[in-house]
**Q** 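Below is the structure I would like to discuss, written out as structure tokens.
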Amino acid sequence: MKLSYLPGCTLKTKAQDLDLSTVAAMGALGVELEELPRWNCCGTVFSFADDDLMHQIAPVRNLVRAQEQGGEQLVTVCSFCFNTLKRANLLVKENSDKLDTLNTFMDEEEDYKGNVNVVHLLEVLRDEVGWEQIAGKVQNPLKDLKVAAYYGCTLHRPIEAAIEPPNKPEALNDLIKAIGATPVDFPDMTTCCGSYQAVANPEIVINRTREILTSARESGAEMIAVSCPLCECNLKENQKELGELRMPVIYFTQLLALALGVDSHLHQCEQNPADARPLLESKGLIDACSATYI
Amino acid sequence: MKKINPHKTNFIRKVEEISGQNIGLCYQCGTCSGSCPNFAEADILPRQLMRRAQLGMKEDVLQSKIAWVCASCLSCTANCPRGIDIAKVMEAVRLLSLRENIDYVNPRELSQETIAKLPQIAMISSFRKHTA
Ligand code: SF4
Ligand code: SF4
């Protein structure tokens, strides 16, 4: 199976481990992710203003790229790209006047016809591959590993862009189960990490991180799995401010790659309090490496 | 005493036009405030912002902190029993300042450490939400 893939800016720079582990794991599952030949930044956040069509150009241009590639589905794994592209797509599918305006403005492009579906990698794993098939391909079951699935905001809100019914987040839990680990439910699975307030109000993000880590730990989790590079950064970096409140944070695709026996790109993780390697090492899931808690 | 205009002022119309929401629908239940992870960092709650906006209290609304500490998480939007997309109202309130060229963040003042640490999606979304 071949699917159009948009990695996004962050996956080509700070979150290369997310991009590379995604491509490796999907390859092992027989899904070839074909990167769009010429994608652009989606704008990172969906514009909420009704009178602002300008900021829909960036996401819709990417949908034109997917259309050119002949793909019916455009896959993303970055939660921010997913939400922005999916919402822009819904907006122009439901408002033909807005689509006409955008198509007229982008007159150097072929018209976007509204036939592309934006999907998150978790949806591909659930709907195109299937949990049982994934379980059948596991080489290295992640036994005795208790993982809290942290979905964040953008996979479940708003409801029209959600990957599943928002009051019942389970896709990531199901994946964790399929790869042999134990999913841990905790109260903050879909609460906000503070998001872009990391720039203007970092204390907000520190408070959010404290709450999320505390509730994950009290629920018995040993590790947090995420899909969003901003959740990852916020939950990881702020542990430096939180003393003993430590919890490894990892991309779910890295766990998947590890279970499938392909390169999980864990070597790209920086050594920090949230480094997942010492825990994985202590469980015998990866070979001894030089990483230590600092 | 602040003068309260019972009719839709230009300010109310503008908030409704940008957000696409009918703010008159709010019946002050406070569910949005209870859903908001960041209310403690602000001076007024989301519910209180909605009330002030309904009453056309432009200065109070534009000077309050809540729209600026909002992280666009959409918890309020997901839970409002009146179906109001409160996150869009927050965006409208921000834009009414930003469109006057009053920025909340100055990219030039960010420390090297912040720039080195944060991923692009953090920077770009902050600039999208907090600068004109
Ligand atoms: S949840 Fe909705 S109805 Fe209730 S106070 Fe907030 S905006 Fe008003
Ligand atoms: S979108 Fe903003 S106002 Fe609404 S709950 Fe989230 S942080 Fe609070």
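Please read these numbers as outputs of a predicted model, since none were measured by experiment. Only this structure's heavy atoms are used, side chains among them; waters, hydrogens and symmetry mates stay out.
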**Q** List the atom of A:Ile204, the atom of B:Asn38, and the distance in Å for their closest heavy-atom pair.
**A**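 Nearest pair, atom of A:Ile204 first, then B:Asn38: CG2-OD1, 3.5 Å.
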**Q** Should B:His130 and A:Gln197 count as side-chain neighbours, where that means a heavy-atom distance under 4.5 Å?
**A**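 They are in contact (side-chain heavy atoms under 4.5 Å apart), so the answer is yes.
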**Q** Do you know the tightest heavy-atom contact between B:Ser19 and A:Asp50?
**A**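 Looking at all heavy atoms of both residues, the shortest contact is O-OD1, 4.3 Å.
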**Q** Tell me, side chain or backbone of A:Ile159 under 4.5 Å from chain B's heavy atoms, or both, or neither?
**A**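 For A:Ile159, no heavy atom lies under 4.5 Å from chain B.
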**Q** Just so I know, are the side chains of A:Asn201 and B:Tyr104 near enough to count as touching, which here means a heavy-atom distance under 4.5 Å?
**A**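 The answer is yes, as the side chains (C-beta and beyond) meet within the 4.5 Å cut-off.
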**Q** Measure A:Thr84 against the heavy atoms of chain B and call it side chain, backbone, both or neither at under 4.5 Å.
**A**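 Contact with chain B: none, neither part.
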**Q** Let me know if B:Leu95 has heavy atoms under 4.5 Å from chain A in its side chain, its backbone, both or neither.
**A**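 The answer is the side chain of B:Leu95.
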**Q** Heavy-atom pairs under 4.5 Å with chain A - which of B:Glu109, B:Arg99, B:Glu17 has more of them than the others?
**A**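 If we count pairs closer than 4.5 Å to chain A, B:Arg99 comes out on top.
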**Q** I would like to know whether B:Gln120 and A:Thr44 meet side chain to side chain donor-acceptor pair (under 3.5 Å); could you show each step before the answer?
**A** CA-CA 9 Å; B:Gln120 281 86 340; A:Thr44 73; over 6 Å; no
**Q** For B:Val105, is it the side chain, the backbone, both or neither that has a heavy atom under 4.5 Å from a heavy atom of chain A?
**A**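 Interface part for B:Val105: side chain.
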**Q** Does the pair A:Phe48 and B:Lys129 meet the rule for a side chain to side chain contact (heavy atoms under 4.5 Å, CB included), with working shown?
**A** CA-CA 10 Å; A:Phe48 291 166; B:Lys129 296 284 179 179; 3.6 Å; yes
**Q** Kindly give the heavy-atom pair with the smallest separation between B:Ser125 and A:Tyr196, and that separation in Å.
**A**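 In this case the closest contact between B:Ser125 and A:Tyr196 is OG-CB, 3.7 Å.
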**Q** Is it the side chain or the backbone of B:Leu110 that comes within 4.5 Å of chain A heavy atoms, both, or neither?
**A**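 Only the side chain of B:Leu110 comes within 4.5 Å of chain A.
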**Q** Please classify the contact between A:Thr10 and chain B as side chain, backbone, both or neither, with a heavy-atom cut-off of under 4.5 Å.
**A**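 Contact with chain B is through both the backbone and side chain of A:Thr10.
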**Q** Output, in order, the C-alpha distance, side-chain angles, deciding distance and verdict of side chain to side chain donor-acceptor pair (under 3.5 Å) for B:Glu41 and A:Asn207.
**A** CA-CA 10 Å; B:Glu41 321 284 338; A:Asn207 289 338; 3.1 Å; yes
**Q** Look at B:Lys14 together with A:Asp51 and state whether they make a salt bridge at an N to O cut-off of under 4.0 Å.
**A**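 Result for this pair is no, no salt bridge flagged.
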**Q** Which heavy-atom pair separates A:Arg87 from B:Leu74 by the least distance, and what is that distance?
**A**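 Of all heavy-atom pairs spanning A:Arg87 and B:Leu74, the closest is NH1-CD2, 3.8 Å.
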**Q** Quick check on side-chain contact (heavy atoms from CB on, under 4.5 Å): which of A:Cys233, A:Pro202, A:Pro229 does B:Leu118 satisfy it with?
**A**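 By the side-chain contact (heavy atoms from CB on, under 4.5 Å) criterion, B:Leu118 pairs with just one of A:Cys233, A:Pro202, A:Pro229: A:Cys233.
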**Q** Give the C-alpha distance, both sets of side-chain angles, the deciding distance and a yes or no for side chain to side chain contact (heavy atoms under 4.5 Å, CB included) between B:Lys117 and A:Lys14.
**A** CA-CA 9 Å; B:Lys117 179 174 83 173; A:Lys14 297 233 163 88; over 6 Å; no
**Q** Inspect the surroundings of CZ in A:Phe186 and state if more than 12 heavy atoms from other residues, nucleotides or ligands are less than 6.0 Å away.
**A**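 Above 12, so yes.
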**Q** When heavy-atom pairs shorter than 4.5 Å are enumerated against chain B, which of A:Pro166, A:Gly43, A:Cys42 gives the highest number?
**A**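 Max contact count across the listed options: A:Gly43.
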**Q** Is B:Ala42 close to chain A through its backbone or its side chain, or both, or neither, when contacts mean heavy atoms under 4.5 Å?
**A**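 Interface part for B:Ala42: neither.
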**Q** Inspect the surroundings of NZ in B:Lys58 and state if more than 12 heavy atoms from other residues, nucleotides or ligands are less than 6.0 Å away.
**A**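 No.
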**Q** Quick one: what part of A:Arg157 sits under 4.5 Å from any heavy atom of chain B, side chain, backbone, both or neither?
**A**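 Both parts, backbone and side chain.
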**Q** Return the CD1 to SG distance between B:Ile121 and A:Cys41, rounded to the nearest 0.5 Å.
**A**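 Reported value, rounded in 0.5 Å steps: 10.0 Å.
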**Q** What distance separates B:Ser75 OG from A:His156 NE2, expressed to the nearest 0.5 Å?
**A**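 Between atom OG of B:Ser75 and atom NE2 of A:His156 there are 13.0 Å.
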**Q** Side chain, backbone, both or neither: which part of B:Ala40 has a heavy atom under 4.5 Å from chain A?
**A**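 Contact with chain A involves no heavy atom of B:Ala40 at all.
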**Q** Which atom pair, heavy atoms only, marks the closest approach of B:Met123 to A:Val199?
**A**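 Closest approach of B:Met123 to A:Val199: SD-CG2, 4.1 Å.
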**Q** Sort B:Ser35 into side chain, backbone, both or neither according to what part of it lies under 4.5 angstrom from a heavy atom of chain A.
**A**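 Nothing of B:Ser35, per the 4.5 Å heavy-atom cut-off to chain A.
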**Q** Heavy atoms only, distances under 4.5 angstrom: which of A:Leu230, A:Asn234, A:Asp52 has the most pairs with chain B? Name it, please.
**A**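 Most heavy-atom pairs under 4.5 Å with chain B: A:Leu230.
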**Q** Please state whether the side chain, the backbone, both or neither of B:Met90 comes within less than 4.5 Å of a heavy atom of chain A.
**A**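 Contact with chain A is absent: no heavy atom of B:Met90 under 4.5 Å.
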**Q** With chain B, which of A:Ser47, A:Gly152, A:Cys78 has the greatest number of heavy-atom pairs at distances under 4.5 Å?
**A**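 Most pairs with chain B among the choices: A:Ser47.
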